[in-house]
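Let me begin by presenting the structure, written as structure tokens, before commenting on it.
Since the model is a prediction, treat every value here as computed from it, not as a measurement.
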Amino acid sequence: KSFWQDIYTYQEETNMPYVTSLERIAKEEGIRDGVLANIDVVLEVKFGEAGLQLLPEIRAIDSVDTLQMILQTLRTANALDEIRQLYTP
């Protein structure tokens, strides 16, 4: 009986809640919006008006991974071309 109780407890602890596709998309959109807001601030603070002119191009990027890479690169970038190279072929 103790063995089966341990099995039941383990299953309950490791049970992952189901996340619908809509919830997953909403979460991704929220993350994207947050990263874009941070990029906006850093571009303005670091590069002024010239940095803000990149925003339309950056907002067109759907990949959260690419946006996060842009945000990380902004920390050390000295020129806007360093940022542009991350998302242009």
Under 3.5 Å, sequence neighbours excluded: what are the donor-acceptor pairs made by side chains of residues 72-79?
residue : atom : partner : partner atom : Å
Gln72   : OE1  : Arg75   : NH1          : 3.3
Thr73   : OG1  : Met69   : O            : 2.8

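For Arg84, the salt bridge (Lys or Arg N to Asp or Glu O under 4.0 Å) partners at least two apart in sequence or on another chain are Glu57, Asp81.
Remark: Asn38 CG to Ile70 CD1 distance equals 13.0 Å, nearest 0.5 Å. Atom CD1 of Ile25 sits about 9.0 Å away from atom CD of Glu28, to the nearest 0.5 Å. Separation of atoms CG (Leu54) and CD (Glu44) is listed at 13.0 Å; rounding is to 0.5 Å. Atom OH in Tyr87 sits 4.5 Å away from atom CD1 in Ile58 (nearest 0.5 Å). Once rounded to the nearest 0.5 Å, the distance linking CG of Leu52 with CG of Asp40 reads 6.0 Å.
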Evaluate the criterion side-chain contact (heavy atoms from CB on, under 4.5 Å) for residue pair Ile83 and Ile39; output intermediate values, then yes/no. CA-CA 11 Å; Ile83 304 304; Ile39 289 172; over 6 Å; no
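Side-chain heavy atoms closer than 4.5 Å link hydrophobic residues (I, L, V, M, F, W, Y) into clusters, and following such links, possibly through other members, connects Ile31 to Leu71. No path of Ile, Leu, Val, Met, Phe, Trp and Tyr side chains, each step under 4.5 Å between heavy atoms, connects Val41 with Leu55, placing them in separate hydrophobic clusters.
Taking both residues in full, the closest heavy atoms of Thr66 and Leu86 are given as CG2-O, 4.4 Å, listed atom of the first, atom of the second, then distance. Of all heavy-atom pairs spanning Arg32 and Ile61, the tightest one is NH2-O, 2.9 Å.
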